[in-house]
Amino acid sequence: LLARPILFTQSLFMGVASVVGSFAYLFGAASVITTVMRAFAVLFALLSGRYYFHEKKLWLKIVSFTLIVAGLAFLAK
């Protein structure tokens with residue numbers, strides 16, 4: 001961790017996200033919380049894949065993200 005401080009920062013953020021995600025289940029339905037977490041995972045995968053790996057077929061990932069957000073809208077009602 002001392003040789004590469006970025007790994008410590010990443011581990012810290014992953015730990016905080018895990019705690020916040022677990023804490024969120026106290027305040028909402030599990031299906032809604034899981035869908036929100038998956039939507040954010042798809043969004044960040046879309047952004048990081050495009051930035052780091054120069055991935056093609058961006059439209060397919062945007063459609064996937066849109067469908068997950070639409071599903072979340074149906075769950076929230």
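- Using a distance-only test at 3.5 Å, with no hydrogens or angles considered, a donor-acceptor pair links the side chain of Thr66 to the main chain of Ile62.
- Annotation: side chain of Val63 is in contact with side chain of Leu67 (closest heavy-atom distance under 4.5 Å).
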Only pairs under 3.5 Å count here: list side-chain donor-acceptor contacts from residues 27-53, not counting sequence neighbours, and write none if there are none.
{"from": "Thr34", "atom 1": "OG1", "to": "Tyr25", "atom 2": "OH", "distance (Å)": "3.3"}
{"from": "Thr34", "atom 1": "OG1", "to": "Ala30", "atom 2": "O", "distance (Å)": "2.8"}
{"from": "Thr35", "atom 1": "OG1", "to": "Ser31", "atom 2": "O", "distance (Å)": "2.7"}
{"from": "Ser48", "atom 1": "OG", "to": "Phe44", "atom 2": "O", "distance (Å)": "2.9"}
{"from": "Arg50", "atom 1": "NH1", "to": "Glu55", "atom 2": "O", "distance (Å)": "3.0"}

